[in-house]
Amino acid sequence: MANTNDRPFILGLGGTTNPASSTEQALAISLQAAADAGAETELFGSKRLCDLPHYLSDPAGLNDTGRALVESVRRADGILLASPGYHGTISGLVKNAVDYIEETAGDDRVYLDGLPVGLIVTAYGWQATGSTLAAMRSIVHALRGWPTPLGVGINASGGIFRDGVCADDMVNEQLHLVAQQVMRGSHRREFS
């Protein structure tokens, strides 16, 4: 584990420009389930995503938000990654945040090597949820992470999220289950 604390550190990364988006509400519910199971958690959501410049666009280097994201990724024992489905794939805002993981290329733990990563997608239709979830799995594999068996695809066109509460019991159960899977994976130990 990257974290020296007994409690696993689970990073929730994702959202949209709207902090009340269905994506960020779904991520917050899942992250809260991890916290309820004993994890230390951090949400890297809307405001912080919007504060990230395009990766490697500033000749001066990473800004404070970029450095904070990279340090949180380095510290993570597991990640919950959430994106809206935009035009059949992840949003540019989330992809930009994922690009910052390149900063860990020279670390002892490269990228997301060995980390459990739970995936959450919200979209206004089923087609975008499926293709976005597949894209996210490919990205996590490319970064050497372990996508959890369950990836949560949510058709949010019915407005099932309100004030941080999910009105669909099945979706709510899936958001809790993906958090449980990340928590279980976060307790793996390194073998020599």
query: Hey, is CZ on R162 packed in by over 12 heavy atoms from elsewhere, all under 6.0 Å?
result: no
message: Quick check on E102: does its CD atom have over 12 non-hydrogen neighbours (other residues, nucleotides or ligands) under 6.0 Å away?
response: yes
Looking at every heavy atom in both [X] and [Y], which two are closest together, and how far apart are they?
X	Y	value
V94	A82	CG2-O, 3.6 Å
G185	P116	C-CG, 3.5 Å
M183	P8	CE-CG, 3.8 Å
A26	T122	CB-CG2, 4.4 Å
G125	N155	N-OD1, 3.4 Å
P59	S57	CD-O, 3.5 Å

Can you measure from [atom1] ([X]) to [atom2] ([Y]) and round to the nearest 0.5 angstrom?
X	Y	atom1	atom2	value
D169	I160	CG	CD1	10.5 Å
Q180	H176	CD	NE2	8.0 Å
R184	T148	CZ	OG1	10.0 Å
H141	L143	NE2	CG	11.0 Å
C50	N18	SG	CG	9.5 Å
S72	F9	OG	CZ	4.5 Å

query: Going through the distances and angles, do V165 and Q25 end up as a side chain to side chain contact (heavy atoms under 4.5 Å, CB included)?
result: CA-CA 7 Å; V165 176; Q25 289 185 71; over 6 Å; no
Should [X] and [Y] be regarded as members of a common hydrophobic cluster, given that ILVMFWY residues are connected when their side-chain heavy atoms come within less than 4.5 Å of each other, either directly or indirectly?
X	Y	answer
V121	V98	yes
L31	V152	yes
I139	L49	yes
M136	I120	no
I154	Y86	no

query: Who are the side chain to side chain donor-acceptor pair (under 3.5 Å) partners of D163, not counting sequence neighbours?
result: none
Any donor-acceptor pair under 3.5 Å linking the side chain of [X] with the backbone of [Y]?
X	Y	value
R109	R74	yes
S46	T16	yes
S138	A134	yes
N63	L52	no
S83	S91	yes
Q181	L150	yes
R144	L112	no
S30	L175	yes
R75	V70	no

Among [options], which residue satisfies the side chain to side chain contact (heavy atoms under 4.5 Å, CB included) criterion with [X]?
X	options	result
P147	L119, V117, L133, L81	L119
L11	V182, D77, V73, T41	V73
L13	L43, L80, L69	L69

field: D51: partners by salt bridge (Lys or Arg N to Asp or Glu O under 4.0 Å), with sequence neighbours left out
entry: K47
message: Tell me which pairs pass side chain to side chain donor-acceptor pair (under 3.5 Å) where either residue lies in residues 123-136, with sequence neighbours left out.
response: none
task: Identify the residue among F44, Y111, Y55 that makes a ring-ring contact (aromatic ring centres under 6.0 Å, His included) with Y100.
output: Y55
